[in-house]
Structure formats: structure tokens, C-alpha cells
Q: 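First the structure, then my questions, so here it is.
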Amino acid sequence: MAESFRERRELRDRFIRAVYDLRDPNTGQAMGNAIMQRIALDPDNPADEARYVEIARYFDEIGYIWGEASDYSIVSMSELGIKYAEVEGDLRREEEGRA
């Protein structure tokens, strides 16, 4: 079953927020399994793993993260990705305040 555009966007939003939140303060790295669990994907499900890699590759291609290990099992966030996550978080809080 194909994902809708909204579902894909929401999953991407949750992914980048998870990477931002789960980054180790010393290394800046986040573990893929923890990210998957945070965004409600099952690390033991091949279809979910493929979705995770697809999302990670998307953010890698636009320069927000990069993979530290195969299939993005460890990722790091770039300064651009950090700024994006922080601005998106601010915009969401602003939106929620108006609702």
C-alpha cells in the first residue's frame, strides 16, 4: 500500500525530530534502531527498515544528516539539519499556541 504524501511528510518530520532528540551529546550520533522505535517503525520488520533507509537517504541527500554506518544504523546531524529541526520545532510550538 502506498503512503500518502501527508503520511510521508509526517514520518519525515518525526524522523528528523528523533535524530535531533536522540543525538549523543558527546559524539552527535544517533542510533538507527532508537530512531526507528521513536518514529513507530519496527527495526525487525524489513518493510519498516526499508522505509527508514528511504527517509534517511532523503535527509542525507539534502545535507541534514549523514550515515556513519551501513543502512544508516548510526547517523549524525549536520549544522543545517540542527537548524532545520530547531526552526521546525519553533514553528510547531507557535502553531500550537494559535490553535
Side-chain angles (χ1 to χ4, degrees):
M1 182 163 116
E3 284 181 296
S4 74
F5 176 77
R6 185 187 332 180
E7 289 170 329
R8 182 172 294 142
R9 188 180 71 199
E10 288 173 3
L11 199 54
R12 285 178 178 170
D13 287 346
R14 291 196 320 257
F15 172 90
I16 202 69
R17 172 54 54 192
V19 174
Y20 180 83
D21 290 344
L22 296 170
R23 292 172 300 143
D24 181 278
N26 298 314
T27 66
Q29 297 175 334
M31 304 304 292
N33 282 351
I35 297 165
M36 288 183 71
Q37 291 170 353
R38 173 73 69 92
I39 64 174
L41 294 177
D42 179 359
D44 296 323
N45 180 321
D48 281 356
E49 189 173 354
R51 289 170 75 195
Y52 169 80
V53 169
E54 178 186 327
I55 294 164
R57 189 171 293 127
Y58 167 81
F59 282 109
D60 190 2
E61 289 173 0
I62 61 174
Y64 287 6
I65 67 152
W66 66 91
E68 299 278 349
S70 65
D71 290 332
Y72 300 95
S73 60
I74 301 172
V75 300
S76 290
M77 187 173 251
S78 70
E79 287 298 316
L80 185 62
I82 291 168
K83 288 178 185 172
Y84 174 81
E86 290 173 349
V87 168
E88 280 299 298
D90 290 345
L91 291 174
R92 272 200 202 93
R93 281 189 291 280
E94 216 174 273
E95 230 174 64
E96 290 168 0
R98 282 184 270 157

Q: Which distance, rounded to the nearest 0.5 Å, do you find between the CD of Glu86 and the CZ of Arg17?
A: 8.0 Å

Q: Treat each ILVMFWY residue as a node, draw an edge where side-chain heavy atoms are under 4.5 Å apart, and state whether Trp66 and Val53 are in one component.
A: no

Q: Show, in sequence, the C-alpha distance, side-chain angles and deciding distance for Gln29 and Val75, and conclude whether the side-chain contact (heavy atoms from CB on, under 4.5 Å) test is met.
A: CA-CA 6 Å; Gln29 297 175 334; Val75 300; over 6 Å; no

Q: Taking distance alone, no hydrogens or angles, what donor-acceptor pairs closer than 3.5 Å link side-chain atoms of residues 35-48 to residues at least two apart or in another chain?
A:
from  : atom 1 : to    : atom 2 : distance (Å)
Arg38 : NH1    : Asp21 : OD2    : 3.3
Asp42 : OD1    : Asp44 : N      : 2.9
Asn45 : OD1    : Ala47 : N      : 2.8
Asn45 : OD1    : Asp48 : N      : 3.2
Asp48 : OD2    : Asp42 : N      : 2.8

Q: If you take all heavy atoms of Ser78 and Gly63, which pair is closest and at what distance?
A: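 Where Ser78 meets Gly63 most closely, the heavy atoms are OG-O, 2.5 Å.
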
Q: Identify whether Ile74 and Val19 are in the same connected component of the hydrophobic contact network (ILVMFWY, side-chain heavy atoms under 4.5 Å).
A: no

Q: Compare every heavy atom of Ala85 with every heavy atom of Met77, then report the nearest pair and how far apart it is.
A: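 Closest approach of Met77 to Ala85: CE-CB, 4.4 Å.
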
Q: For the hydrophobic clusters of this structure (ILVMFWY residues joined by side-chain heavy atoms under 4.5 Å, transitively), does one cluster hold both Ile82 and Tyr64?
A: yes

Q: Given the rule in the side-chain contact (heavy atoms from CB on, under 4.5 Å) test, do Ile65 and Ile16 qualify, once you have shown the distances and angles that lead to the verdict?
A: CA-CA 9 Å; Ile65 67 152; Ile16 202 69; 4.1 Å; yes

Q: Tell me the closest heavy-atom pair linking Gly28 and Arg23, and the distance in Å.
A: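 Looking at all heavy atoms of both residues, the shortest contact is O-CG, 3.7 Å.
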
Q: Restricting to ring-ring contact (aromatic ring centres under 6.0 Å, His included), what partner residues turn up for Phe15, sequence neighbours left out?
A: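 Phe15 satisfies ring-ring contact (aromatic ring centres under 6.0 Å, His included) with Tyr52, Phe59 only.
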
Q: Nearest 0.5 angstrom please: Ile62 CD1 to Tyr84 OH, how far?
A: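 Between atom CD1 of Ile62 and atom OH of Tyr84 there are 7.0 Å.
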
Q: What heavy-atom pair brings Tyr72 and Arg57 nearest, and what distance separates the two atoms?
A: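 In this case the closest contact between Tyr72 and Arg57 is OH-CA, 3.6 Å.
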
